[in-house]
Amino acid sequence: MEVNQYLEMFIEESKEHLQACSEHLLELEKNPDDLAIVGEIFRSAHTLKGMSATMGFEDLADLTHKMENVLDAIRNEKIHVTPEILDVVFESVDHLEEMVMDIANGGDGKRDVSATVAQLKRIELGEEAVPQVAATVAEPAGVESVLEYDSFEQTVIAQSSEQGFHAYEISVKLREDCLLKAARVFMVFEILEKDGEVIKSSPSVEKLEDEQFDQQFYVAYVTKESAEDMQKKIMKVSEVEEVVVTTIDQKKFSEREYESQQEVAATASAVAEVESTPATVPSKPEPAAQPAKTAAPAKAEKNHAPVGNKTIRVNIERLDILMNLFEELVIDRGRLQSIATEVNHGELNETVERMSRVMGDLQTIILTMRMVPVETVFNRFPKMIRQLSRDLNKKINLEIIGAETELDRTVIDEIGDPLVHLIRNSVDHGIENPTSRRAKGKPEEGTVVLRAYHSGNYVFIEIEDDGAGINRDKVLAKAIAKGIVTQEQSYSMSDNQINELILASGFSTADVISDVSGRGVGLDVVKTTIESLGGNISIESTQDVGSIFSIQLPLTLSIISVMLVEIEKEIYAIPLSSIIETSIIRSSEIMNAHNQKVIDFRGKVVPLVFLEEIFEVPRTESQDEEFHSVVIVRKGEKLAGLVVDSFIGQQEIVLKSLGNYLTNIFAISGATILGNGKVALIVDCNALIK
């Protein structure tokens, strides 16, 4: 069966199942006696195992199988959920996520997870640690093997047994101070190969040779020698601390392998059935590799369930191509509108107007197709908060509101890292430790709220905490010490302006550098990234009450609304997202303050920026006009007035990059093609406001 055609679907569905595992594990931690949650995790793991085996990713399937065994034991109440067990299962999910990401990046999904596998084995057996005693031979009946064997390896062991050989699993542990681990491994293998045959090792031989293991490794081995003799021979190797020789219970793993093979066969059959089905959109999308674990219930449910929404998966590259083609249509629409205005033909005008309406609807649909719920980014944070609260010895509750809010995929791809920085900042700097919170009369458990909502053509994402807030005096003192602001400037700064000093490059108020924060990097990256997306960030904080970091982001980055302005027959586009209003002022209203031309705008002193000077626009004749056209723009709380010759009007334009040859052009963020075929440069207002 050709499985490459299902690879993309496998990766997407694997991510969904692993995300479901993470979410349910967090629920299980809060409700350890709820076996229904365990059942949900088990089903996700079981499905992932079958899919992985069918696709040929044995390491992924093997680790999932081990995790599934532990979940099955919990589900059947053979073992009880503890924080230590959940830590190991969380670690397993982390490994599985890394394996899937490796496959998505073109890798084979292989990873050394022997330590985690050993931990899962111990948990499954109801043990906290493997009871190994140095220089002993262990042959307990019914002990599960640490190694996993494929059908070929099982056949070899079975045939060897029939010919009078013994099959052992040998655990070799080297001393902590062993310097030449690879050499000791070589000596052990030399002894083994004299008396029998090595079937398998964990880690692999290549990793053992490269010393890519801790102190312990496992070997599957067939020989006619007794277990006691083999143990004594290996113990003769220098720097070997302990050797445990266990007889392989062939009957037990044969039964388990048969069961696994049945599942894989059923899964392969399901995939083959999908492959042979006519190319129609199913009434309910099914995973490419759905194992037959719940075949009967699924069939019954299918017979009675109403037909749901019809959905298909579309490669994002196709949506990007569709968007690019539509952008070209937007440019041509502008040109047609310009031509229709000049020709002024009735039927042509009517046709262009109808085409504009249809294209408006088409634009809405295409932009909606590119929208992705912020849930895809928010989902990573509950597990991160859990780990941070443990690392920092704090009690933290994360509340997520508005996860269904949608953003353009391009923005989603970029917003993840800034949110990580902001949440880590809230947890480390904001939320106090339980003792401090009790002293302030607060509950021991701090709360971090992650909120998203639409407002107009923007999406707002807020990170709110009920922690210590921002210490105004401490921030100001640090900013003055680092030369970010002067003592004189600090006297006239508002509380919000002082709060936003923490976004400056290299700024940190942490007294101790830790893994979480304190190196002065992070929040400046947040500010830069958000502004590059056409958004802005603001901070509200009250000491000992809490802080709110608010991020404003545009819904989409490719098609934006702008105000077209003219300077000496050159046309520039100013994004509407930055504009407060336009105004006509008299020359007599312009004042000078600190060598800067300013105006009084609604009681505020606003500096003027003459775009003809910034962009060095050549004048055919000197301008000495009584009135000036000014566009008032905003960056956070700061304002500026951009002086232009005249306003042309509002228009939707397609944002185009300037390419690799025109990088770092001051105050220009891109370009667009207008209806008359001319190119207009798009002004970067953030660069002009200091």
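For this chain, numbers begin at 1 and follow the sequence in order.
Between Ile366 and Leu362 there is a side-chain heavy-atom pair separated by less than 4.5 Å. Within the 4.5 Å cutoff, no side-chain heavy atoms of Leu398 are placed close to those of Val449. Using a 4.5 Å cut-off on side-chain heavy atoms (C-beta onward), Asp495 and Arg472 make contact. When side chains are defined from C-beta on, Glu500 counts as touching Ser538, because their heavy atoms get closer than 4.5 Å. The closest side-chain heavy-atom distance from Asp108 to Asp59 is not below 4.5 Å. Looking at heavy atoms from C-beta onward, Ser547 lies in side-chain contact with Ile470 at the 4.5 angstrom threshold. Taking 4.5 Å as the limit, some side-chain heavy atom of Val93 sits within range of a side-chain heavy atom of Met67. At least one side-chain heavy atom of Val377 sits less than 4.5 Å from a side-chain heavy atom of Ile412.
Distance alone, capped at 3.5 Å, places no donor-acceptor pair between the Asn105 side chain and the Gly107 backbone. Between the side chain of Asn76 and the main chain of Asp72, a donor-acceptor pair closer than 3.5 Å is present.
Glu40 has a carboxylate O that lies under 4.0 Å from a charged side-chain N of Arg43, or vice versa, which qualifies the two as a salt bridge. Between Asp87 and Arg390 there is a salt bridge, with a side-chain nitrogen of the basic residue lying less than 4.0 Å from a carboxylate oxygen of the acidic one. Remark: Lys383 engages Asp94 in a salt bridge, criterion side-chain N to carboxylate O under 4.0 Å. Between Asp473 and Lys478 there is no salt bridge, since none of the side-chain N atoms of the basic residue sits less than 4.0 Å from a carboxylate O of the acidic one. We find that Glu462 and Arg451 are joined by a salt bridge, their nearest charged nitrogen and carboxylate oxygen being less than 4.0 Å apart.
Classified by interplanar angle (parallel below 30°, tilted 30° to 60°, perpendicular above 60°), the ring pair Phe378/Phe381 is tilted.
Not counting sequence neighbours, Ser92 has no partner by the side-chain hydrogen bond (donor to acceptor under 3.5 Å, both in side chains) test. Shown here are the salt bridge (charged side-chain N to carboxylate O under 4.0 Å, His left out) partners of Asp34, two or more places apart in sequence or in another chain: there are none. Partners of Asp417 under the salt bridge (charged side-chain N to carboxylate O under 4.0 Å, His left out) rule, at least two apart in sequence or in another chain, do not exist in this structure. Legend: residues meeting side-chain hydrogen bond (donor to acceptor under 3.5 Å, both in side chains) with Asn379, ordered by chain and number and at least two apart, are absent. Qualifying side-chain hydrogen bond (donor to acceptor under 3.5 Å, both in side chains) partners for Asn471, counting only residues two or more places apart in sequence or in other chains: none. Remark: Ala73 engages Lys78, Ile79 in a side chain to side chain contact (heavy atoms under 4.5 Å, CB included) (not counting sequence neighbours).
Here the straight-line distance linking atom CG of Leu25 with atom CD1 of Ile41 works out to 4.0 Å at 0.5 Å rounding.
The side-chain contact (heavy atoms from CB on, under 4.5 Å) test with Val448 singles out one residue from Leu388, Asn397, Ile463, and that residue is Ile463. The one candidate from Lys395, Arg437, Lys394 that meets the salt bridge (charged side-chain N to carboxylate O under 4.0 Å, His left out) condition with Glu444 is Lys395.
Side-chain atoms of Ser426 and Asp465 form a donor-acceptor pair, as typed in the model, at a separation below 3.5 Å. A side-chain N or O of Asp391 and one of Gln387 form a donor-acceptor pair less than 3.5 Å apart.
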Residue pair Arg111, Asp102: steps toward the salt bridge (Lys or Arg N to Asp or Glu O under 4.0 Å) verdict: CA-CA 9 Å; Arg111 184 177 174 84; Asp102 181 57; over 6 Å; no

Step-by-step side-chain contact (heavy atoms from CB on, under 4.5 Å) determination, His95 to Leu63: CA-CA 9 Å; His95 284 313; Leu63 178 56; 3.7 Å; yes

